[in-house]
Structure formats: structure tokens, C-alpha cells
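What follows is a set of notes on a single structure, which appears directly below.
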Amino acid sequence: MEKNVFDLLEERGLIAQVTDREIVRDLLGKEKITFYIGFDPTADSLHVGHFLQMMVMKHMQAAGHRPIALIGGGTCMVGDPSGKSDMRRVMPKEEIDANAEKFKTTMRKFIDFSDGKALMLNNADWLLNLNYVDFLREVGFHFSVNKMLSAEAFKVRMDRELGLSFTEFNYMVMQGFDFYHLFKEFGCKMQFGGNDQWSNILAGTELIRKKDGKDAFGMTFNLLTTSDGVKMGKTVKGAVWLDPEKTSPYEFFQYWRNINDADVANCLKLLTLVPLEEIAEYEKRGGSAYNEAKERLAYTLTELVHSKEDAELALKTSRELFSGAAHSESMPTTQLPCEKLTDGKINILDLLVAVKLAPSKSEARRLVVQGGILVNEEKVESIDASFEQSAFKDTFIIKKGKKSFLKVTI
RNA sequence: GGGAGUGUUCCCGAGUGGCCAAAGGGGGCAGACUGUAAAUCUGUUGUCAGUGACUUCGAUGGUCCGAAUCCAUCCGCUCCCA
């Protein structure tokens, strides 16, 4: 007999909260259901946080359930206050639409949308034309402000004496309405989401019960956090994106390759399909087995998100660079515009700024002074060092610190 | 609507007329050590030229030889009362 997808999700440590554990497990075991996960198009690409949700969809779809990927074109106009300590800026409509389009492209890589095996909807379609007064009477009526305020998402804002606008306060109501709408129109019985979505999901199940007296269910997944509780997928440069235009496959690979020991097992469990026994094996061996585990993680994810070729290339590049074989076709490359050169050469500081390894000349100066810059494996000793145009004809690799490599061409 | 606070560099947070590019912590970056890990230690962390100059302390305008610091107006946020 086929394994219950609920058990599978639970084994991998994905499940955080369930409205009713037994009932949901039972339901998923014997019925093919329709469920939805919402994605707010607040950025022009999905990031690793979303990836977790997509893996869940994948698992569910594999088990025969029908996913609805709901693009929050409507809710996004309002902005989810959950987990945000700042007030959200209000995004222009055009930007939201453009982002939603990009999301679709990326999602198709993971989910099979053919023949109605999965749906992609945009809640702008039903939220934008709501009549305010009707909405208040039919939906708003069922929400208790007292109760809403006790939700974790709002409490944080209140306790820390931060602002919460009326607009944001309504986000929960809108999301609740989404669920109700999908329940009515598509027979959608479950909503999934990150654990920060718990109260928003409950808003939906309760609305369905109050309006129609029927049961719907919700389940949340553990957020992808590091062992110190920080949200994963953030770097100084910003989030780790799934769009190769924003985060190259090599950078993506390196992000996972460089992850903390303490987080590897968890990531393998949550984000990949690597069998649990193998993960346990890595953990048992400890020590440098972590490096194998990290490589496996990085490779698997790059393959899933990008392609097998990208994964191979990133792996090869990574190995070559870190083993000292300082040449590779696949490493990040920047082309230096000719006009940056004066009299056929360029100073090291100007070069670093020009190829964006340093944001300012002061920063570049510091890097060189502190011995953090190597060109073709040779330390740049002086800030007065400069390079002739001919130097760029051959391999010209700048190494910044231990982990950033950049090939420069002209 | 009335009253009380508050707004500082990436973040938190000191500073309350010149010695302030601004303490301290966090974070970042680099160096040492390592396993492309963690922990630890060291340096560094506005910009541009290197004993200097320039821009910055919510915004604008003022006082003063001189303002993050004083005054005025405005804007944002918080709390209390209505």
C-alpha cells in the first residue's frame, strides 16, 4: 500500500501545526483532495523560503492531490503584517502584476500544471472587485477584533509598540476570504503555508465553518531557519533567489555549500528528496562527512531549482576553485569595459570597484591593505598595483577573501 | 481633538553647542586558526584624496564664529486622555 503523504511530510520534519492531526492524516490517506498555498508577489522572484512550500506541493502532487498555487495579486495590495516588524510599503499595481508573471514561470519547473493536475490562480480576480459594504456584511461580520488581536502575528506588533495600520489588519480577513472562495469554487479543502501563516489559515477554516457550517483544514510547515533561529536564505546581498538572473546557479550552489554544519541535516530533510537513512548516515559520521553532506545538498538543490547541467558545472567549478586549480570556464565572470582603463592600464582599486567586488574605493583599499585580494593566486601587496590591458587576455582571476572568485575579461 | 514622548551612521543604542564621522553592542568584511563549518582571537566598518577635504544625526528654515546638540515650523511613530 502506498505511503500516506502525511507521514512522509511528518518524517521529514516539515509539519509544524495541523488543525486536526488525525482527521487530516485520514483525509490525505483516503481521498484525493484539492489544497492551496498562497504566494505573495512582493519581489520579482521566488526565494528559498518559497522553495520549501513548493517541495510540499510536489510531494502532495506526487501523492495524487491537486495543488492550487495562489498568487496573492490581491492580498499583496494590502501587505501581510505577519512576521514583519516594519510597516509594509504599498506596492504599485504594475509591479505586483509583473512579479506574479515571474512567479508563474518559476513554479512551472516544480509543479505539473498540465491537464488541470494543478491550478494557478490569482486572488486579484475576486478580491479586487469586492464591494466594501457587502464584504463587511458578509465576511467582516464573522471576525472578532478581540480574537484577531490575540493572534501571534498582531501581538508582536502590539507588544513592541510598533504601528499596525488598518489596512494590514485586514490582511487576515482577506486571506480568510480566499480560502472560503476556493472552498466554494474549487472544492479546496486544505490550506498550507509557513508557520507564520497559522492565524491567517485559521481565519479561513473558521470563516468556512461559520458561513457554511462545513469543515476545512489547515496545516503549516516549519520555517526554514538556521540553528540560531534566523530565517534562512538571506545574505548580505539580499535573499537567495530561485531566478538564475538574480542568483546565479553557482552562487546558489555556494550558498548551500557554505551552510553551517548544524543546519545541513535539516536542510536535506526539508528541501530535498534524499532518503532519511542517508541523512542519518552523514550525521553519524560527523566531522568532514559534513562536507560531503553539504556538497550533496548544494548539488541536489541546484539540480532541482536549475538543471542537472547547472549543478554539474557548479560542482566542478566549486571543486576546482577550492582545490587551488585556479581556472574554470564556469566561474562567475565579469567583463571589464575598455573605457575603465586609462593609458591601457587600470589601478587595482579602480578595478575592484569596476567589477563590483568592492562597493567603494575606500572599501577596496581596506581589502588590499588587509591582504584580502589575490590576483591569480598572488597577493596584491600594494594599493598602487595596476594591471596592463594585456594581463586580461589570459586568465585573470581575482580572489576576494576565501570564497569569492571572479574571472575578469576585457 | 488635547497632552506627553520620540526620530542618530546597515540594525540596536549613547551623545545634548566646539575635543563628533559621532561611545558601546550586534551584524558585515578581511587576517590567524580550520573542514569552503562552528567557536575563538586580531584588524576594519561614511566618501574622496592619505598629516587633509567633503557629505551625514527625520525635513525645512533660523540663532551662533561654530549645531547631531539651541529655536521655529513641518513630517513620521509611540503612549495617555477624549
Side-chain angles (χ1 to χ4, degrees), chain A residues 81 84-90 154-169 225-240 250-268 282-283 285-299 301-302 314-326 328 330-332 342 347-350 352-354 356-375 377 379-384 397-406:
Chain A
K84 308 290 183 316
S85 47
D86 292 332
M87 238 192 301
R88 276 291 190 78
R89 75 193 176 95
V90 179
F154 294 129
K155 255 202 317 214
V156 176
R157 284 293 195 83
M158 295 302 181
D159 292 350
R160 289 184 53 196
E161 299 186 349
L162 293 159
L164 177 70
S165 70
F166 181 67
T167 308
E168 290 173 297
F169 189 59
T225 55
T226 65
S227 48
D228 353 282
V230 184
K231 256 195 188 174
M232 285 211 12
K234 292 267 159 123
T235 66
V236 214
K237 286 188 232 155
V240 177
Y250 175 75
E251 283 174 90
F252 185 83
F253 183 95
Q254 280 302 312
Y255 176 80
W256 301 106
R257 180 62 249 255
N258 281 320
I259 213 157
N260 287 177
D261 282 8
D263 299 319
V264 194
N266 204 238
C267 287
L268 280 168
Y282 285 129
E283 280 193 291
R285 283 164 58 205
S288 57
Y290 278 115
N291 279 332
E292 282 173 50
K294 286 178 199 180
E295 209 169 75
R296 178 82 183 275
L297 174 71
Y299 181 89
L301 286 179
T302 309
L315 177 67
K316 184 168 161 266
T317 308
S318 163
R319 281 185 177 164
E320 280 179 12
L321 289 174
F322 287 95
S323 67
S328 178
S330 56
M331 68 192 297
T342 39
N347 172 268
I348 181 68
L349 300 185
D350 294 320
L352 289 172
V353 175
K356 297 194 169 64
L357 276 176
S360 70
K361 283 181 79 170
S362 299
E363 183 97 31
R365 175 186 299 261
R366 268 172 233 132
L367 281 166
V368 174
V369 170
Q370 293 184 118
I373 296 295
L374 281 76
V375 170
E377 291 303 309
K379 188 179 278 184
V380 176
E381 303 282 357
S382 159
I383 56 166
D384 296 320
I397 294 172
I398 307 178
K399 183 176 176 191
K400 180 194 139 203
K402 274 171 256 184
K403 293 174 200 161
S404 308
F405 296 86
L406 187 72

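Protein chains get the first letters and strands the later ones, always in sequence-line order, with residue 1 at the start of each.
Between B/A38 and A/Asn260, a contact under 4.0 Å exists linking OP1 or OP2 to a side-chain N or O. Neither OP1 nor OP2 of B/A37 sits under 4.0 Å from any side-chain N or O of A/Lys402.
Residues A/Cys267 and A/Ile259 have side chains in contact (heavy-atom distance under 4.5 Å, counting atoms from C-beta outward). Counting heavy atoms from C-beta on, the side chains of A/Ile383 and A/Val369 come closer than 4.5 Å. Side-chain contact between A/Leu352 and A/Glu363 is absent, with no heavy-atom pair separated by less than 4.5 Å. Proximity of A/Tyr282 to A/Glu292: side-chain heavy atoms (C-beta onward) are separated by under 4.5 Å at one or more points.
Summarising the base pairing, B/C79 is matched to B/G3 through a Watson-Crick or G-U wobble pair whose two defining distances lie under 3.5 Å. The base-pairing partner of B/C54, taking Watson-Crick or G-U wobble contacts with both distances under 3.5 Å, is B/G46. Figure legend. B/A21 is base-paired to no nucleotide; pairs are counted as Watson-Crick or G-U wobble with both atom distances under 3.5 Å. Using Watson-Crick or G-U wobble geometry with both donor-acceptor distances under 3.5 Å, B/C64 finds no partner in any strand shown. In this structure, B/U9 forms no base pair with any nucleotide, since neither Watson-Crick nor G-U wobble geometry is met with both distances under 3.5 Å. With a 3.5 Å ceiling on both atom-pair distances, the Watson-Crick or G-U wobble partner of B/U40 is B/A32.
Rounded to an integer number of Å, the gap from CG of A/Asp263 to C1' of B/A38 is 10 Å. The separation between A/Glu295 atom CD and B/A37 atom P is 14 Å, rounded to whole Å. Taking atom CD1 of A/Ile373 as the reference point, atom P of B/A30 lies 9 Å away to the nearest angstrom. Regarding A/Glu292, its CD atom lies at a distance of 15 Å from the P atom of B/G35, rounded to whole Å. Atom CG of A/Asn258 and atom P of B/G35 are 15 Å apart (whole Å). Atom CZ of A/Phe322 and atom C1' of B/U36 are 4 Å apart (whole Å). Rounded to whole angstrom, the span from the CD atom of A/Glu283 across to the P atom of B/A38 amounts to 18 Å. In this structure, A/Leu321 atom CG and B/U36 atom C1' are separated by 10 Å, rounded to whole Å.
B/A21 and B/G46: their C1' atoms are spaced 7 Å apart (whole Å). The P atoms of B/A67 and B/A14 are separated by 25 Å, rounded to the nearest whole Å. Comparing the same atom, C1', in B/G15 and in B/G24 gives a spacing of 11 Å after rounding to whole Å. Spacing of C1' atoms, B/A4 relative to B/G18, comes out at 32 Å, to the nearest Å. Nucleotides B/C75 and B/U55 are separated by 23 Å at their C1' atoms, to the nearest Å. Between B/C29 and B/A37, the two P atoms lie 12 Å apart (nearest whole Å). When the C1' atom is compared between B/G1 and B/G66, the two are found 41 Å apart, to the nearest whole Å. Comparing the C1' positions of B/U63 and B/C70 gives a spacing of 8 Å, expressed to the nearest Å.
For A/Phe253, there are no ring pair (Phe, Tyr, Trp, His ring centres under 6.0 Å) partners two or more places apart in sequence or in a different chain.
Taking the six-membered ring wherever Trp is involved, the centroid distance between the rings of A/Phe322 and A/Phe405 falls below 6.0 Å.
The side chain of A/Asp261 sits closest to B/A37 out of B/U36, B/A37, B/U34. When distances are taken from the side chain of A/Lys400 to each of B/U36, B/C29, B/U34, the shortest belongs to B/C29.
With the nearest nucleotide of RNA chain B identified for both A/Leu349 and A/Asn291, A/Asn291 has the one nearer the 5' end. Mapping A/Ser318 and A/Leu374 onto RNA chain B via the closest heavy atom, the residue that lands nearer the 5' end is A/Leu374.
The aromatic rings of A/Phe169 and A/Phe166 lie tilted to each other, with the angle between the two planes from 30° to 60°.
For the residue pair A/Glu295 and A/Leu315, the shortest heavy atom distance occurs at CG-CD1, 3.4 Å.
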Could you list the protein-to-nucleotides 46-49 of chain B atom pairs, N/O on both sides, closer than 3.5 Å?
unit_1	atom_1	unit_2	atom_2	d
B/U47	OP1	A/Ser360	OG	3.0
B/U47	OP2	A/Arg366	NH2	2.8
B/C48	OP1	A/Lys361	N	2.9
B/C48	OP2	A/Lys361	N	3.3
B/C48	OP2	A/Ser362	N	2.5
B/C48	OP2	A/Ser362	OG	2.4
B/A49	OP1	A/Lys361	NZ	2.4

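Here A/Ile383 lies in heavy-atom contact (under 4.0 Å) with a base.
Put simply, CD on A/Glu381 and NZ on A/Lys379 are 6.0 Å apart, with the number rounded to the nearest 0.5 Å.
The base of B/G43 sits with one of its N or O atoms less than 3.5 Å from a complementary donor or acceptor on the side chain of A/Gln370.
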